[in-house]
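Here is the structure we will look at.
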Amino acid sequence: MNSHHPAIDRSADILLSDPWLVTPAFVYDERVMAAKLRAAATIREATGCRVLYAMKPFSIVPALRMMAPGLDGLAASSLFEATLARDVLGARGSVHVTTPGFRPDEIRALDGLCDYLAFNSLSQWRRFGGQLSGRGRGGLRVNPQLSLVKDDRYNPCRRASKLGVPIDDLADLARRDPASLNGLGGLHFHTNADSESFDPWLATVERIDERLGAVLSRVDWVNLGGGYLFDRPPDLAPLAHAVGLLRSRYGVTVFIEPGAGFVREAGRIVASVIDRFTSDGRQIAVLDTTVGHMPEVFEYQFEPEILGEAEEAEHTYTLAGCSCLAGDVFGEYSFREPLDIGSRVVFTEAGAYTTVKSHMFNGINLPTIYALTASGSLERKRAYTYRDFLSRCGG
Ligand SMILES: Cc1ncc(COP(=O)(O)O)c(C=O)c1O
């Protein structure tokens, strides 16, 4: 299904035919981002939570600077992301971090940059909790052991998960040795992926309330993670109920940190057809992009959305990336008009987990970054060159 966001419809002509746009291009639409920020403001007002953006799906700096005033802060997964978060936010807004990869040599720097640090295990809490400069900033990521995601590759609550302290272990520790949690400031969980309903958020909070009441009554903040889409949230009531429960019963500050929900629809990758031929009777169209620019297409073997594709239309192509990898293929797509060499192909809904994961396999350059601004004009933000490749190669 293609997105029907009005801003996307208006921009189609520019993406398909503006000669100034050099492909492959990654184009983010500031108007779509502004709409997401308005949706986030509605969520904040309706539910009483604070809204962070989890930087991991997309961290293009000028876009982060544009988003920052509409956010309560940024959520990072590493020292580099936390450094960028603090740089973008300045003194305004909070920086949060959680990762299974906290390193002893980075704790001091993270302590200086972040307002909230959620340790991923009791082992990390024991080793690093006492090293933080202020009380109450260190928390624990909890695994609520409530599986919401069917595909285990995305499921933080899979069996023997590496993500967070199993809820029963924490409840048990709070009973047996409450002093070991002295100084604990908060709880964090993140358990979902691309959920369009907020019901699972409430179910998760109910489970935490039921099993971890003794811990909740000792902390100041709870971070409910991301994994929820929110442009047209079907119903805000479950989140409002969840946040209300935590605030009224435990007096905590509640954060949410969606990532993809803010950016997926805002980003598009524009490619050009650079070759066409037949193979085993199929029409192959080779593009000047590659799955290396959208690695999840290959990792998870899904077919990305393309503007103007029409099932059962007359002209069908296998759209292939331009690297040497045989499986560097986007899928079979049909269009009403034939594709020629030079025709443009626009991948919609390409804002999340693309630029941050892209690489230069085969020495193929990264897409040039453009913004579609509030006035509808195209602005080039960053073009990569041989020097970027050389530097990645240690040169
Ligand atoms: C801890 C944490 N918070 C937030 C997110 C953002 O999730 P999404 O982009 O699905 O909203 C993730 C994604 O992996 C995560 O691991």
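Owing to the predicted nature of the structure, the values given are computational and were not obtained by experimental measurement. Every heavy atom of this structure was used, including side-chain atoms; hydrogens, water molecules and symmetry mates were not.
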[atom1]/[X]: more than 12 non-hydrogen atoms of other groups inside 6.0 Å:
X      : atom1 : result
Arg92  : CZ    : yes
Tyr386 : OH    : no
Gln301 : CD    : yes
Phe80  : CZ    : no
Arg153 : CZ    : yes
Glu210 : CD    : yes
Arg127 : CZ    : yes
Arg176 : CZ    : yes

So does [X] pair up with [Y], basic N to acidic O under 4.0 Å?
X      : Y      : answer
Asp280 : Arg282 : no
Asp87  : Arg65  : yes
Asp115 : Arg86  : yes
Asp111 : Arg108 : no
Lys56  : Glu81  : no

Can a donor-acceptor pair be found, under 3.5 Å and without considering hydrogens, that links the side chain of [X] to the backbone of [Y]?
X      : Y      : answer
Thr47  : Ile43  : yes
Asp220 : Val252 : no
Asp235 : Ala237 : yes
Arg211 : Ile167 : no
Asn365 : Tyr384 : yes

Does either side chain, that of [X] or that of [Y], offer a donor lying less than 3.5 Å from an acceptor on the other one?
X      : Y      : answer
Thr318 : Glu332 : yes
Ser147 : Asn155 : yes
Thr98  : His96  : no
Glu257 : Asn223 : yes

Given side chains that start at C-beta, do those of [X] and [Y] come closer than 4.5 Å, heavy atoms only?
X      : Y      : answer
Arg344 : Leu21  : yes
Pro156 : Arg141 : yes
Arg382 : Asp388 : yes
Val291 : Ser323 : no
Leu181 : Leu140 : yes
Leu79  : Leu110 : yes
Asp194 : Leu229 : yes
Leu307 : Arg268 : no

In terms of relative ring orientation, are Tyr317 and His315 parallel, tilted or perpendicular, with 30° and 60° separating the classes?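 If you compare the ring of Tyr317 with that of His315, the planes turn out parallel.
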
Run the side-chain hydrogen bond (donor to acceptor under 3.5 Å, both in side chains) test on Thr290 and Asp328 for me, step by step, so that the C-alpha distance in whole Å, both residues' side-chain angles and the decisive distance to 0.1 Å come before the verdict. CA-CA 6 Å; Thr290 154; Asp328 182 358; 2.9 Å; yes

Holding to salt bridge (Lys or Arg N to Asp or Glu O under 4.0 Å), I want the full list of residues that pass it with Arg50, two or more places apart in sequence or in another chain.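 Per chain and number, Arg50 pairs via salt bridge (Lys or Arg N to Asp or Glu O under 4.0 Å) with no residue.
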
Partner of Phe262 under ring-ring contact (aromatic ring centres under 6.0 Å, His included), picked from Tyr28, Tyr228, Phe58, Phe230, is Phe230

